[in-house]
Amino acid sequence: MNVLLTNTSYLHLGASSGVWHAPRTVRINYGMAGRVLTTGHTVTRRTPAGDRTDPPAGRPAGSMICAPVRGTRDTVIGVIMVEFDLVLTDLRDWESALTRIGVLLGARIHQLGGPSEPSPPQWLLSHTLNIATANDLTELAKRFCRAAVDLSGLRCAVTLIRRADDLVGGAPPLAVLADHCGSGSRRLVDAIGALPPESLSKLMDAAARQQAAYSRGEVGVADTDGFEPLADVGVRTLVTATLPVNTRHPDFDAVTLIMDELAVQPLPDTAVILELLMINAVASYERMSTQHTLQTLADSDPLTGLRHRRPLARQLASSAPSSTAVLAMDIDNFKAINDTWGHDAGDRALTEVADAIRLALREGDEVFRVGGDEFVAVLNVAGRDEAVQVAERLAAAVADGGRTISVGVTLRRPEDVETTLRRADEELYAAKRAKDHLGRGRPLSARRAG
């Protein structure tokens with residue numbers, strides 16, 4: 001049996017008995033424990049192999065029960081887990097008993113002062129790692145706001161961003177990129193979001209001038225120069241986290257305002273810690289941007305700028321068979337263009353056709369270059385007739401530029417991606433044969449396929 005209690009983004013082992021191996025920590029979204037924390041309900045597995053990455057050798061995969069440890073106001077502060085060597089057919093009595101134990105254990109923990117709080121180094125390291133694993137700028141800003149509230153002890157945080165291309169021509173428009181409230185109402189956050197762009201811009205400028213700074217919160221002392229809009233909406237304590245001058249990002253300015261309606265005395269090093277965390281957040285953003293750029297280059301054709309077969313396969317794999325059409329296309333007589341006029345002329349033909357198809361597509365549809373002079377478009381359609389109409393429009397757009405293409409049209413079925421692409425190719429070759437039979441010069445021969 002294990003008892004694990006929440007501690008930032010992890011469950012930490014509080015007690016264990018009769019186990020061969022007890023995990024010191026697990027992530028709060030891991031396996032059965034994660035489901036219990038999310039739902040607040042006891043979870044039972046008669047064969048828990050799906051929740052074990054490496055079950056102990058020589059032991060049978062028995063039954064497993066995980067129940068919530070409840071704190072005050074029915075919050076879940078941890079889990080209690082019991083594992084059996086044998087597969088039990090009836091676990092109802094065990095479920096009921098363990099659920100009740102979780103309630104009693106949570107009540108006793110509350111009487112003793114609640115779960116132990118993580119130390120400041122734990123908080124800092126946990127949030128540093130959390131920020132480093134963000135997937136986009138907005139998520140990164142949200143995680144930074146959460147870290148700022150946890151580390152400062154203040155009520156809420158708001159991150160403002162001002163992009164470099166917004167800095168020309170008068171008052172720059174700003175974005176409230178993210179926010180987080182630790183407790184109480186969102187009144188301050190909503191009040192900041194309602195301020196006009198000019199006021200937000202002045203707040204950013206004031207924060208940038210002062211760099212890492214915090215208000216002292218003494219009663220009767222209110223030096224609010226530059227931060228009057230915050231004082232007007234009820235902010236009585238403020239910590240600002242900005243980018244230091246030597247680490248300013250060329251594309252944007254960012255400022256996080258950490259606020260409280262109470263006049264309190266933050267620790268003197270709070271602003272410096274948050275400034276260092278801000279530097280870490282910018283470094284994480286740089287890594288994220290580099291990774292995105294490299295992924296874009298890996299997924300794109302350098303000549304036409306279109307994405308290629310790998311992202312095409314991903315898109316088709318996630319598409320709905322009932323409303324997806326696939327158009328396979330190639331340029332008529334492309335080999336003759338290369339043989340007669342050279343590869344530069346062939347490259348020009350490819351870019352001209354790619355641009356014509358791309359411009360003629362509807363919003364939400366996409367064309368990919370899959371090799372040589374072959375292109376594939378993925379469409380959202382109501383049926384075959386709509387797909388053929390789009391194919392005719394694409395062929396006409398290419399013909400306006402002096403080229404012709406052949407198009408094969410097929411609808412997505414519940415099948416693997418390669419089968420769909422193979423059927424689209426077959427329709428393309430059939431369209432080319434029909435065009436050869438009827439004579440060249442027609443801009444399109446599009447076949448319908450189920």
Side-chain angles (χ1 to χ4, degrees), residues 291-335 337-338 343 346-382 384 386-401 403-432 443-450:
Q291 183 177 5
H292 176 74
T293 300
L294 293 175
Q295 185 66 51
T296 300
L297 292 174
D299 285 349
S300 300
D301 166 42
L303 178 64
T304 63
L306 300 179
R307 297 202 294 167
H308 53 54
R309 184 175 287 271
R310 185 168 58 180
L312 165 63
R314 290 198 298 264
Q315 182 160 326
L316 280 178
S318 62
S319 65
S322 59
S323 59
T324 303
V326 179
L327 275 53
M329 300 166 280
D330 70 4
I331 303 173
D332 295 331
N333 303 316
F334 182 71
K335 185 176 184 302
I337 296 174
N338 274 331
H343 289 288
D347 288 348
R348 283 195 300 273
L350 286 169
T351 56
E352 290 169 2
V353 169
D355 290 342
I357 294 173
R358 181 165 40 200
L359 292 174
L361 280 175
R362 308 165 305 174
E363 185 176 356
D365 298 337
E366 186 174 1
V367 62
F368 304 81
R369 184 186 176 195
V370 295
D373 63 327
E374 297 179 13
F375 302 88
V376 171
V378 178
L379 316 176
N380 294 312
V381 296
R384 295 184 182 89
E386 183 181 353
V388 171
Q389 290 173 4
V390 173
E392 290 172 347
R393 186 169 70 251
L394 298 183
V398 174
D400 288 343
R403 310 284 182 189
T404 62
I405 59 173
S406 296
V407 187
V409 181
T410 191
L411 297 182
R412 184 89 164 99
R413 296 174 181 170
E415 61 193 2
D416 61 79
V417 169
E418 290 306 318
T419 300
T420 299
L421 294 175
R422 184 170 61 251
R423 290 195 298 105
D425 281 340
E426 290 170 355
E427 295 303 319
L428 170 61
Y429 298 142
K432 293 182 76 68
L444 169 70
S445 176
R447 284 171 49 89
R448 302 166 180 244

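Each of Thr420, Val417, Thr324, Val326 was scored for a side chain to side chain contact (heavy atoms under 4.5 Å, CB included) with Ser319, with one residue passing: Thr324.
Among residues two or more places apart in sequence or in another chain, the side chain to side chain donor-acceptor pair (under 3.5 Å) test is passed with Asp416 by Thr419. Scanning for side chain to side chain donor-acceptor pair (under 3.5 Å) contacts around Gln389 gives an empty result, with sequence neighbours left out. For Gln291, there are no side chain to side chain donor-acceptor pair (under 3.5 Å) partners at least two apart in sequence or on another chain.
Considering only heavy atoms from C-beta on, Val353 comes within 4.5 Å of Ile357 through its side chain. Between Leu327 and Leu394, some side-chain heavy-atom pair lies under the 4.5 Å cut-off. Contact annotation: the side chain of Asp347 approaches that of Leu350 to within less than 4.5 Å [non-hydrogen atoms, C-beta and beyond]. Residues Leu303 and Arg369 meet the side-chain proximity criterion, which asks for heavy atoms closer than 4.5 Å. Leu421 has its side chain within reach of Leu316: a pair of non-hydrogen atoms, C-beta onward, lies under 4.5 Å apart. Looking at heavy atoms from C-beta onward, Val398 lies out of side-chain contact with Met329 at the 4.5 angstrom threshold. Considering only heavy atoms from C-beta on, Arg423 stays 4.5 Å or farther from Glu427 through its side chain. Arg307 has its side chain out of reach of Leu312: every pair of non-hydrogen atoms, C-beta onward, lies at least 4.5 Å apart.
Between the Ser318 side chain and the Gln315 main chain, a donor and an acceptor come within less than 3.5 Å of each other.
Sorted by first then second residue, the salt bridge (charged side-chain N to carboxylate O under 4.0 Å, His left out) pairs that include residues 312-331, not counting sequence neighbours, are Asp299-Arg314, Asp330-Lys432. Within the structure, the side chain to side chain donor-acceptor pair (under 3.5 Å) test picks out the following pairs touching residues 353-364 (sequence neighbours left out): Asp355-Arg358, Arg362-Asp365, Arg362-Glu386.
Between Ala349 and Ile337 the shortest heavy-atom distance is CB-CD1, 4.3 Å. Residue Ala391 comes nearest to Val407 through the heavy atom pair CB-CG1, 3.8 Å, listed as atom of the first residue, atom of the second, then distance. Looking at every heavy atom in both residues, Pro321 comes nearest to Pro414 through CB-N, 4.0 Å. Across every non-hydrogen atom of Ala387 and Ala325, the tightest pair is CB-CB, 3.6 Å.
Between the CZ atom in Arg393 and the CG atom in Leu361 there is a gap of 7.5 Å [rounded to 0.5 Å]. The structure places OG of Ser322 at 14.0 Å from CZ of Arg413, a figure rounded to the nearest 0.5 Å.
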Expected list for residues 371-381: side-chain donor-acceptor pairs under 3.5 angstrom, two or more places apart:
| unit_1 | atom_1 | unit_2 | atom_2 | d |
| --- | --- | --- | --- | --- |
| Asp373 | OD2 | Ile331 | N | 3.2 |

